[in-house]
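The structure under discussion appears below in the form of structure tokens.
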2 protein chains.
Amino acid sequence: MSGRTSSTANAETVSRVNQTAILDALRQHGPLSRQEIGARTGLSAATVNRLAGHLLRKGLIVTDGHQPSTGGRPSILLRYSGRAHLVSVLHVGATRTEGALVDFDGSIVHRVQRPVVPDVLHAADRATIRLEEALSVVTELGAAAGGRGQPSQAIGVAVPGVAGADGRVTWAPALDWREVPVGSLLSERTGLPVVVENDANVLAVGEHHRGAGRGVQDLVAVVLGTGIGTGIVTGGRLHRGSRAAAGEIGYMLLDRSSLARLFPGFGDLESRVGSAGLTRQARERGIAAPDGRPLTAADVFDLVRSGSVEARALLEETLDYVALAVANLCTVLDPELVIVGGEMGGAADLITPGLRDRLVGRVPHVPRLAASELGDDAVIIGAAELAARLVSDSAYVAATR
Amino acid sequence: MSGRTSSTANAETVSRVNQTAILDALRQHGPLSRQEIGARTGLSAATVNRLAGHLLRKGLIVTDGHQPSTGGRPSILLRYSGRAHLVSVLHVGATRTEGALVDFDGSIVHRVQRPVVPDVLHAADRATIRLEEALSVVTELGAAAGGRGQPSQAIGVAVPGVAGADGRVTWAPALDWREVPVGSLLSERTGLPVVVENDANVLAVGEHHRGAGRGVQDLVAVVLGTGIGTGIVTGGRLHRGSRAAAGEIGYMLLDRSSLARLFPGFGDLESRVGSAGLTRQARERGIAAPDGRPLTAADVFDLVRSGSVEARALLEETLDYVALAVANLCTVLDPELVIVGGEMGGAADLITPGLRDRLVGRVPHVPRLAASELGDDAVIIGAAELAARLVSDSAYVAATR
DNA sequence: GGAGTTTTCTATCAGGCTGATACTGTACCC
DNA sequence: GGGTACAGTATCAGCCTGATAGAAAACTCC
């Protein structure tokens, strides 16, 4: 039951930690001279020089010109260079499969998009179709990376559902995936390390690392799309929960009467603000969806912008419930920042003011509210970050010459 | 704004980490021989021996007899001994001030209790009175520790309110403390490191470390007393939030109509299940408090046990709201375990079954529910643990002979 | 009771890493 | 062109780990 929980250290550990410190300094503050790295990390000049040498040989950092002299020998700037390393990313969404090659800088260097044919959306065997498509996209990405002479080093997969730490997708309703071992399928096929994660969680990671949440240690990303979900970062780390179900606020209970009902396949909040709930309520209020398909939050925003009074009322009610959920999130977690993302991100101007008004005076501490900075790419970039972490921890030490 | 976030390592770090690994192994598995420690930690025999020597000299471990020989030289058992080190703990509660000397094993070796004189409870200067009392208790504890020849090495303070990371109590209504710098007052007076923390948070730490939550990485402790609060442990660490307000679920909003009201000094949930709310509702239902004072949850439990039908109905309603809050906690955090503590802890038999019934089918994953194991001492033991951590990180390396 | 066996504990040494010191290299200024 | 100021590099002591060999302690067998 135990025995290897305690972790020990040796000289190699020291070197790895210090190399990581140098890389972190360069990632956070852009190009720095060796002296500046020393000042920032507290490492001696000799150590910085030696470790920088290792990192240069490994291609993780590059020289980036000189700094103007201040009277003496000008310093050589060192810059983190993720360009030398690529990861493959897969975002299996409800209506399309998206693939990308992303370098360690977070730049997307190659994209693949596969819209889902409408007939497939509700086909009986859509689970298999979507899975095979996902595998083929990864293969295509691998080939593209090979063609660039920079083989992909890891794979990150984002899915709209619950994913265990072992890379198994427990339940993703939009894909009809149950207990699908995506992680092991991909790692067996490619031999690469794979991380599989919920899409809201990776969005939070993406915004935390390279978007609106840079430098923030405690944040929540709220994603409103077909359903509603959140990604939670506490203490700078993704919070997954004991069963990887943390942040599934679609199940939040918002009324005492909710205790009289059960919520087996969908949640209380989700039934109110999700696509199905919106469609139902719109029908009751006489609002027609643009072309007869189920209404999404994005449609409601469009209608509001075009002046619909009924849609405005529906938006306000939706906002009420979203605000209750966000208020409770804030009460429980006390985040520094709440990021509004997903389809909502583009309508942040309609959302954040109303949200703030509803929070003020009702929660102990109203956090900063911000729109997603990365938009549609947040998921891709977040998944790339998680994939990069899979290799970077060991890559720093591997091949140390 | 930045500059020293990155942490570096050196040879000393390695030694400290490995000493901590040895201590953790001994704490987790009881007495072990040097060989067993080596097997468990992966350290070489020579290293284990040398580090064990350091720890023996520092008094953090002691020899504990021999193991029966298996044919050769019998091994000497080593045992963690927190007895050699003491911390002072202060629990400033609503109705009493409690002090204790606790050793690093978590054993309480000395207690001080100071009930609050009823006249003081609502006196205009009760803030000052309680503060001076707190300081005097700490002085008394210091003297007691000195008398044992084992001076106290740190101070842990638990308060029913919000405490910043700097040891300042921002707001503790039950004490009428606002912006009281307890931490700096105590550290100036004693020269010892001080940690000040919310009582629900330290209760969670106590149960996590030595109570119902041993070995659990994600747990929530729900404390129902005069108000309602929670302590949250995620990934094995206390989650405080960006403004130390995490877990203040008294402010959770449980109805859309709550958005029509403001909650400046008290919260929505707290007004329903806290002492004031219970008293009001009891009056409406014709339930009399035993002796005319405000009704607490504990009183309701007593009335239920004595067969009161009205109290039973009130309990059920209270449970409904507590269940809503716990359900939302579970949805957001997905903890492995929820511990019911505080005054509720003794009535766990009345609470947990009803709570479980209300959660099943309504949250994605129903956690384990358990009563507090440490009872009234959970706060003391948790605060002692936090205080011990203040010194242990540096104590391992200090005085390494 | 003594020698051999087995296992534990300890001493010694090589190797890796950091940090201090001294030294070399490069550009600017007078 | 020499002096100055700062950046980068080589050398070495100190600390820590881990490997190896040796000393110590208890048991077994004759």
Side-chain angles (χ1 to χ4, degrees), chain A residues 6-22 25 31-57 61-79 396-401, chain B residues 6-22 25 31-57 61-79 396-401:
Chain A
S6 57
S7 59
T8 59
N10 55 27
E12 185 186 305
T13 313
V14 174
S15 174
R16 194 175 64 230
V17 166
N18 289 343
Q19 287 185 48
T20 304
I22 292 176
L32 293 172
S33 71
R34 287 171 168 81
Q35 275 66 26
E36 289 166 333
I37 292 173
R40 236 171 244 289
T41 59
L43 295 170
S44 69
T47 300
V48 170
N49 188 46
R50 183 168 26 79
L51 296 182
H54 292 178
L55 293 171
L56 281 167
R57 274 192 293 277
I61 64 175
V62 292
T63 59
D64 190 20
H66 294 247
Q67 215 166 19
S69 164
T70 58
R73 175 176 176 176
S75 54
I76 301 168
L77 286 176
L78 299 175
R79 181 171 56 77
Y396 296 165
V397 66
T400 307
R401 162 30 197 304
Chain B
S6 57
S7 59
T8 58
N10 55 26
E12 186 186 304
T13 313
V14 175
S15 173
R16 195 175 63 229
V17 166
N18 290 342
Q19 288 185 48
T20 304
I22 291 176
L32 293 172
S33 72
R34 287 171 169 83
Q35 275 67 25
E36 289 166 333
I37 292 173
R40 238 172 241 291
T41 59
L43 295 170
S44 68
T47 300
V48 169
N49 187 46
R50 184 167 24 78
L51 295 182
H54 292 178
L55 293 171
L56 280 167
R57 276 192 292 278
I61 63 176
V62 292
T63 59
D64 191 19
H66 294 247
Q67 215 164 18
S69 164
T70 59
R73 174 175 175 176
S75 53
I76 300 169
L77 287 175
L78 299 175
R79 181 171 57 77
Y396 295 165
V397 67
T400 308
R401 155 52 191 301

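Residue numbers start from 1 in every chain, and the chains themselves are labelled A, B, ... in the order their sequence lines are given, proteins ahead of strands. Bear in mind that the values here come from a model prediction, so they are computed numbers and not experimental data.
Comparing A:Asn10 and A:Ala45 against DNA chain D, the residue whose closest nucleotide sits nearer the 5' end is A:Ala45. Comparing A:Ser33 and A:Ala9, the nucleotide of DNA chain D nearest to each residue sits closer to the 5' end for A:Ser33.
Closest to the side chain of A:Thr47, from the set C:dT8, C:dC17, C:dT18, is C:dT18. Here the side chain of A:Ser44 is nearest to one of C:dG19, D:dG18, C:dC9, namely C:dG19. Side-chain proximity of A:Ser75 to the nucleotides D:dC15, C:dC9, D:dA7 is greatest for D:dA7. Here the nucleotide nearest the side chain of B:Arg34, chosen from C:dT10, C:dC17, C:dT8, is C:dT10. Candidate nucleotides D:dC15, C:dT8, C:dT10 were compared by shortest atom distance to the side chain of B:Asn49, and C:dT10 ranks first. When the nucleotides C:dA20, C:dC17, C:dT10 are ranked by their closest atom to the side chain of A:Ala46, C:dA20 comes out on top.
Proximity of B:Asn18 to the phosphate of D:dT17: a side-chain N or O atom is located under 4.0 Å from OP1 or OP2. In this structure, B:Arg50 does not reach the C:dT10 phosphate: none of its side-chain N or O atoms is under 4.0 Å from OP1 or OP2. Contact annotation: B:Gln35 side-chain N/O to C:dT7 OP1/OP2 distance is not under 4.0 Å.
The two atoms that bring B:Ile37 and B:Leu78 nearest to each other are CD1-CD1, 4.1 Å, heavy atoms only. When all heavy atoms are compared, the tightest approach of A:Leu51 to A:Ser15 is CD2-OG, 3.8 Å.
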Next item on the list: Indicate for each nucleotide in nucleotides 25-30 of chain D, in 5' to 3' sequence, whether protein heavy atoms under 4.0 Å reach the base (B), only the sugar-phosphate (S), or nothing (-).
Entry: BBS---
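In this structure, the CD atom of B:Glu12 is 15 Å from the C1' atom of D:dT17, given to the nearest Å.
In this structure a side-chain-to-backbone donor-acceptor pair under 3.5 Å is missing from B:Asn10 to A:Val14.
Note that CD1 of B:Ile22 and CZ of B:Arg40 are 13.0 Å apart. Values are rounded to the nearest 0.5 Å.
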